[in-house]
Amino acid sequence: MSAHLKQDQPDDRNVLDSTAQGIIGEPLTRPDGLLKVTGTATYSAEYDIENCLEGVLVTAPFAKGTVTSIDESSVTDMPGVIAVISDQRMTPRAIQGTAGEAPITGVCKVDYWGQPIALVVAETFEEARNAAKHLVIEYDADDDAVFDPQAVEPKPDDDPTRQGDLASAMSDAAHSVDVEYDTEGHASAAMEPHAAIAEWDGDTLTVHASLQMLNYNISELADAMELEESKVRLIARYVGGGFGSKLGISQEIVAGSVAAMELGRPVRVVMSRQQVFQNVMRRSETTQRLRLAVDSEGKLTAFGHEALVSNLPEEDFVEPVLQSSHFLYAGENRLLESKTARIHLMTAGSVRAPGEAVGMPVLEAAMDELANEVGIDPIKLRLNNIPEEHPATGLPFGSHKLAECLKQGAKAFGWDSGPRKPRQNREGEWWIGTGMASAARVHNVGEAKARVTLQPDGTALIETDMTDIGTGTYTILGQIAGEMVGLPQDSVLTELGDTRFPRGPGSGGSWGAASAGSAVFLACEALREEIADKVGQPVDTLTFKDGVVSWDGGSSSLADVAGDEALAKEGHYEPGDIAEDYTAASFGAFFTEVAVNRWTGETRVRRMTGAFGFGRVLNAKTARSQCLGGMVWCIGSALTESLLFDPTDGHLANCDLAEYHVPVNRDVPELEVIMVEERDPVGSPIQAKGVGELGMCGGAGAIGNAIYNACGARLRSFPMTPDKVLAAMPDD
Amino acid sequence: MPLKINNHPYDLPGDPRVSLLDFIRREAGLTGTKKGCDHGQCGACTVIVNGKRINSCLTLAVMHDGDEVTTIEGLGTPTEPSALQQAFVEHDGYQCGYCTPGQICSATAMLDEIAAGMPSDATDDVSGAPTLTDEEIRERMSGNLCRCGAYPNIVAAIREVAGAAS
């Protein structure tokens, strides 16, 4: 039995507001929490599998060319070494999110420095690591590799937006800015390195792997290994962070699978931290031009946003820099255009909030420049220009909370809407200033299936291959089911991360909760119908609470209703035609105060407030944590995070956590999160939208704007490291 | 003298290249101690050796003849969590959970360092006894990276436990 919904229409029934259990949205602790804090949650490399071999990847010490020979005999006599695997099935690149296939295989052709070219397998990790260092390879390195995106002719991406006449609007405007910004590349740097244990029993390949999207990953691995999907099983019960880097299968999974099938023994392959940095995914660096103009009323008349990004040849992914620029602000004369340069740095792909993570800070910095030009409060400039509908397509928004976020955030922060001039506040050697920015992120949903079973003991079991990468999936799916069928949190068990379960979209693009949550919701609606049948009452007269279903004049425990047989329902949610009629997006606003050191150029974020509207809050604790995490990423991308490639040979110079600077605890002050009440009937049948990425979509711009307000240094380059700040610091 | 992990004796490994981290995870089967970077840069592998927190990836198992190692599993269990473990759950001091055992081992030993009067960069008067301000917690926990960005919640969890103890 299944319940299917292809969402073509808004759902404003708000079913979860009329249920009785009272746990939806509540800040319940995570059911997996005690396992995580006691070290008993098992991540992919941690399964104790008998007879397991250890594999270590060998990577290319050049950026472009061909491996001509691999001398296996150089290591096969070393202690413990079992084999050297270099197989045409191995994938040289991590696969892009939702690819569902293995587009590039074969590791002898090298396209970037650090590309895996072989796997050394030995009895122990120490033996494999040592042998991997000594493997002799020969190669022909090409001398025409280009690493600088500015040094090649870029190709325009599809579908530029051109409306009206941007150039004329710019020249006719009362006020305008025409500025160029750049942003450096980012790494996901999830704390758990990419890891897999592959087992082959002669019929089925089972892989424990650290992955976000099993539904796509099983197709990718089956394709790479030339197996039927029915002969592949993926398990990812706990994932130590993803942030886009585990959307598609990565190289160690295929290499380990090949080795396990060749050798007839399980093989574990864990990438070193350096290998993760060098060959999983980078966020492209960007160069962006913003042209904004307003009339004398402070209304935008021109909106131009152009971007140059890069990727390897043959990769389809383009950092979608302009994604939210398409609809965030009005302006009748529009030009939005992106170009991609093909260069030989590692694959560019999804890193948390692809697009908005770098597009929004730059747009919001340019808006700040414009507000200064006009001489109006930056909040007012934004409130002036919130469009009634999508400025290009004309589609209405399902719900839109930007104005509320701006107002509530400003109030909580204590924003001073008086005249803003830089260099007004100094404490000793520190300049103090404030800045703000809007947040915006597109809303995505994907097809999802989940099974909910009412057990004979009156508890419920949820099963889906959806993952919990730290986002709180275990928690919120349990809350949705508990709310719908009337059970407390501890009476609902959620099982995730196994392709044997009904399949869903996985975690990525902030779509997991709304998609998988809707599948659970649909399954529960069907369960409620069946329970109604069993008790002989109309479903809309029933109250489900604390394991009891009651109606006017009677009640029954869910255990009694279930009887000896479990009641199982599968929910199947599909995005429908609704996207042709409506625009759905999450919005927010950031406010921050920074201190900038006059002599060192160091910036410290002293406080930060984020106000966000992302539809129904499914769990106020885990949703807040998602917002906090995003704001921490804002601090990193504003101030420190930058992939630095050697311009001569293309190797990543800062390929570890000592040199690539993610924020540490002391970089992060107390952060305030405001979750603005919202139900978006277009977002999903549970009125929820994505939250995982929204918190980092613009906040780096607020920090940059605060740096300007503090010390008068207007930087047009992220991250705003001390050297750049100092160079731009006006003389006292 | 054997190496003791959570009061259980283990013979030292035959291969001197085995890091204490890999020994804990593989030989002792205690995978609560995590490998995040293997280079002492992230703190996920933090354990407590003879009462002091260290990065277990930066030391070899054979260097710990006779030492007493406490890992996250030795601090508490799902049915009997330590006060810090419980506080991390209540305050959502984690998301993906991978850095969490290291955070909690680090925080456990850090509170002992404060009690012992050890100063830090955040201590205003290094000749006096440090007080556990939020800035002290942030400074002293900065060797444990959390990419999910749970830092404010981690500070809140530690603050609550330290406040209850003092």
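Side-chain atoms are counted along with the backbone in the values below, which use heavy atoms only and exclude waters and symmetry mates. Chain A is the first sequence line, chain B the second, and so forth, proteins listed ahead of strands; every chain is numbered from 1.
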Do other residues, nucleotides or ligands put more than 12 heavy atoms under 6.0 Å from the [atom1] atom of [X]?
X: B:Asn7; atom1: CG; answer: no
X: B:Asp125; atom1: CG; answer: yes
X: B:Asp65; atom1: CG; answer: yes
X: B:Lys4; atom1: NZ; answer: no
X: B:Asp124; atom1: CG; answer: no

Which distance, rounded to the nearest 0.5 Å, do you find between the [atom1] of [X] and the [atom2] of [Y]?
X: A:Thr40; Y: B:Leu30; atom1: OG1; atom2: CG; answer: 11.5 Å
X: B:Cys42; Y: A:Met191; atom1: SG; atom2: CE; answer: 4.0 Å
X: A:Thr124; Y: B:Arg17; atom1: OG1; atom2: CZ; answer: 6.0 Å
X: A:Ile469; Y: B:Gln95; atom1: CD1; atom2: CD; answer: 9.5 Å
X: B:Tyr94; Y: A:Asp32; atom1: OH; atom2: CG; answer: 6.0 Å
X: A:Asp656; Y: B:Gln41; atom1: CG; atom2: CD; answer: 3.5 Å

Can a cation-pi geometry be assigned to B:Lys34 and A:Tyr238, taking NZ or CZ under 6.0 Å from the six-membered ring centre and within 45° of the ring axis?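 No - B:Lys34 does not lie over the ring of A:Tyr238 by the 6.0 Å and 45° rule.
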Does this structure show an ion pair linking [X] with [Y], if we count only N-O contacts that are shorter than 4.0 Å?
X: A:Arg666; Y: B:Asp121; answer: yes
X: B:Arg26; Y: A:Glu123; answer: no
X: B:Asp92; Y: A:Arg30; answer: yes

Those residues that, when tested against A:Ala209, pass side chain to side chain contact (heavy atoms under 4.5 Å, CB included) (two or more places apart): A:Ala196, A:Val207, A:Leu211, A:Ile253
Counterpart residues, side chain to side chain contact (heavy atoms under 4.5 Å, CB included), relative to B:Ala87 (two or more places apart):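 Applying side chain to side chain contact (heavy atoms under 4.5 Å, CB included) to B:Ala87 gives B:His91, B:Ala157, B:Glu160, B:Val161.
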Options [options], ranked by heavy-atom pairs under 4.5 Å with chain A, top entry:
options: B:Val18, B:Asp38, B:Val155, B:Leu75; value: B:Val18
options: B:Gly97, B:Gly143, B:Ala150; value: B:Gly97
options: B:Gly32, B:Gly43, B:Pro81, B:Cys148; value: B:Cys148
options: B:Glu73, B:Gln86, B:Glu135; value: B:Glu135
options: B:Ala156, B:Pro101, B:Pro78; value: B:Pro78

Most contacts with chain B, counted as non-hydrogen pairs under 4.5 angstrom, among [options]:
options: A:Met631, A:Gln626, A:Arg352; value: A:Gln626
options: A:Gly472, A:Ser625, A:Gly33, A:Gly630; value: A:Ser625
options: A:Val664, A:Thr622, A:Leu34; value: A:Val664

Interface moiety of [X] toward chain B, non-hydrogen atoms closer than 4.5 Å:
X: A:Tyr474; value: neither
X: A:Ala658; value: both
X: A:Val37; value: both

At a heavy-atom separation under 4.5 Å, does [X] approach chain A through its side chain, its backbone, both, or neither?
X: B:Arg25; answer: side chain
X: B:Ser142; answer: both
X: B:Ile104; answer: side chain
X: B:Ala122; answer: both

Is a side-chain N or O of [X] found less than 3.5 angstrom from the main chain of [Y], in a donor-acceptor match?
X: B:Arg138; Y: A:Val668; result: yes
X: B:Tyr151; Y: A:Pro663; result: yes
X: B:Arg147; Y: A:Ser188; result: yes

Between [X] and [Y], which heavy-atom pair has the shortest distance, and what is it?
X: A:Pro193; Y: B:Gly36; value: CG-O, 3.7 Å
X: B:Met141; Y: A:Asn665; value: CB-ND2, 3.6 Å
X: B:Tyr98; Y: A:Tyr43; value: N-OH, 3.6 Å
X: B:Pro152; Y: A:Pro669; value: CG-O, 4.2 Å

Do B:Asn153 and A:Arg624 meet the criterion of a side-chain donor-acceptor pair at a distance under 3.5 Å? yes
State, yes or no, whether a side-chain contact exists between B:Ser19 and A:Phe125 at a heavy-atom distance under 4.5 Å. no
